[in-house]
There are 2 protein chains.
Amino acid sequence: MSKGGIILKKIVIVEDDLFMREELASIFMKEKYAISCITCFQHTSKDILKESPDLVILDINLPGATGFEICRTVKQKSSVPLLVLTSRDQMRDELHALNLGADEYLTKPCHKDRLLARVSNLLRRYEGRNHFVEVQGIRLDRKTYTLYVGERSIVLPENQGKIMELLLSHSDDIVTKEMFFKKLWGTTEYIDENALQVNMTRLKKTLGSIFLNERIITIRGKGYCLVSSEGMKND
Amino acid sequence: MSKGGIILKKIVIVEDDLFMREELASIFMKEKYAISCITCFQHTSKDILKESPDLVILDINLPGATGFEICRTVKQKSSVPLLVLTSRDQMRDELHALNLGADEYLTKPCHKDRLLARVSNLLRRYEGRNHFVEVQGIRLDRKTYTLYVGERSIVLPENQGKIMELLLSHSDDIVTKEMFFKKLWGTTEYIDENALQVNMTRLKKTLGSIFLNERIITIRGKGYCLVSSEGMKND
DNA sequence: TATAACACTTACAGTTATTGAAAGATTTAA
DNA sequence: TTAAATCTTTCAATAACTGTAAGTGTTATA
């Protein structure tokens, strides 16, 4: 869906080397991508997310915060496809990056066509990924966490939004605490359960304000479950 | 649009007298409205908005902040219909309230049916009011200020959202600075113009991040104008 | 070109929102 | 009854949003 012009896919390039950065930018611009470059690496992951890009190209060796950190944070806070481009060719670096959520790992120097192929491949892979989850008239914008129910709409805070996204996409089914941990904090390891509970309480209250009361039920010892329609029950 | 149950209209009652409050609540509950009562009057307008009600019933004589203040703030921050219910029957109070944006002004004691009639009337009047403004594929949720363009979505901060709402609903037409002042700060009187400019700059930057560059043009000495399609111009 | 009015940008500080930690209350299952 | 699990409330740290201030650009007209 678009207007006058086609909406270009937007790529954010995170690379400290000026020459390399310009080179990349020019390659992609020729291929009709819209490019944003990060040039200050103080709040990198935040800056990346602010651009709301369609894809991120990330160098691992950066001044300040490590690229791995950035990779983890970005993939934790959003689901944008992320390609790591680096001069390190250690196998364990590659595994580490992929573990942190990177979608691709390419080592420099990298042939232009190879890079372009990976990028368009990644974009295609993410294309279909629907923008909304909808169940029984409850509709959630996966990106902004705007929730639509009947005539109402409300923007959920990030954590509540993530919880809701999980619940909706597994509605009437159990979502385990581990799944929530992974989604909210990017790890399956033990995080104070209370943090999850507090956020769950907050979400319940928020849902109450738009009349989705009693929709989240607790599965003792397992997790939580969203009851999709009023007056329906399911174990 | 609804699921299992009908979505009730939600009314927030702001009344400090316990008896009166319960009375009102019971009247409306019998008529199948969902009711929330404000019982602490420290952050009243904020609490009202948090409930995202369909209608507000506001007593003017409250402990702490005056009802007029609350009226102004609420109508300034949202477009929820607001009915003032009070024991003051001075004409100038009525005019004052209506000036501050109140939609109805009823004096106590008020007959139940009269009240119900006004309420359902107000709700009907606001019903049609479309939830979204859309022009040329640019769609804005008037309530949450979530902006949709192509595959992208982004939540605008309140001020940017209000500016965008005005621009969209008068797209390709001049929106004067006075209109912005009224919308953002609820007054036509002189407010530091710079405040508007700063917010305008911020909006332009935000729009840039989703490729709506150069869409806001300045009409020197008058105001601003949103160009609805790329490559179109209009004075 | 000069100049004055108007518009824009950037940085900063006050305020508000969001968050996890902590501690205690409540519920549940056996 | 009791212990584990879950829930709730409060608090402080962090991040987001906002208007102010001060300086920089731009435009129209003489």
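Chain A is the first sequence line, chain B the second, and so forth, proteins listed ahead of strands; every chain is numbered from 1.
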Just how far, in rounded Å, is P of dA15(D) from NZ of K77(A)? 8 Å

Between L184(A) and K46(B), which is nearer to the 5' end of DNA chain C once each is assigned its nearest nucleotide? K46(B)

Please list, pair by pair, any protein nitrogen or oxygen found under 3.5 Å from a nitrogen or oxygen in nucleotides 5-10 of chain C.
from	atom 1	to	atom 2	distance (Å)
dC6(C)	O2	R220(B)	NH2	3.2
dA7(C)	OP1	G221(B)	N	2.6
dA7(C)	OP2	K177(B)	NZ	2.8
dC8(C)	OP1	K204(B)	NZ	3.3
dC8(C)	OP1	T218(B)	OG1	2.5
dC8(C)	OP2	Y224(B)	OH	2.7
dC8(C)	N4	N194(B)	ND2	3.4
dT9(C)	OP2	T201(B)	OG1	3.4
dT9(C)	O4	N194(B)	ND2	2.8

Rounded to whole Å, how long is the line connecting atom CD1 of I217(A) with atom C1' of dT6(D)? 15 Å

Starting at NZ of K205(A) and ending at C1' of dC7(D), how long is that distance when rounded to a whole Å? 14 Å

In terms of ring plane angle, is the pair F132(B) and Y148(B) parallel, tilted or perpendicular, where the classes change at 30° and 60°? perpendicular

What is the distance from CZ of F180(A) to C1' of dT6(D), rounded to the nearest Å? 14 Å

Interatomic spacing from CG in L184(B) to CG in N199(B) - rounded to 0.5 Å: 6.5 Å

Is the shortest side-chain N to carboxylate O distance from E165(A) to K162(A) below 4.0 Å? no

Which pair of heavy atoms, one from G208(B) and one from N213(B), lies closest together, and at what distance? CA-OD1, 3.1 Å

Taking atom C1' of dG20(C) as reference, at what distance in whole Å does atom CZ of F181(A) sit? 12 Å

Bend across the helix from dT1(C)-dA30(D) to dA30(C)-dT1(D), to 10°, with axes taken over 5 pairs at each end? 40°

Does a side chain donor of either T146(B) or T146(A) reach within less than 3.5 Å of an acceptor in the other side chain? yes

Are any of W185(A)'s side-chain N or O atoms less than 4.0 Å away from OP1 or OP2 of dT19(C)? no

Whole-Å distance separating the CD atom of E158(B) from the C1' atom of dG19(D): 14 Å

Give, for atom CZ of R21(A) and atom CG of D16(A), the distance between the pair rounded to the nearest 0.5 Å. 7.5 Å

Taking all heavy atoms of D103(A) and all of P81(A), pick out the closest pair and write down the distance. OD2-CA, 3.3 Å

note: D192(B), atom CG; dA22(D), atom P; distance rounded to Å ~ 12 Å

dC7(D) P sits how many Å from N199(A) CG, rounded? 13 Å

Does the plane of the ring in Y33(A) sit parallel, tilted or perpendicular to the ring in F28(A)? Use 30° and 60° as the thresholds. perpendicular

How far does CG of L167(B) sit from CG of D172(B), to the nearest 0.5 angstrom? 10.5 Å

Of N159(B) and K50(A), the one whose closest nucleotide on DNA chain D sits nearer the 5' end is K50(A)

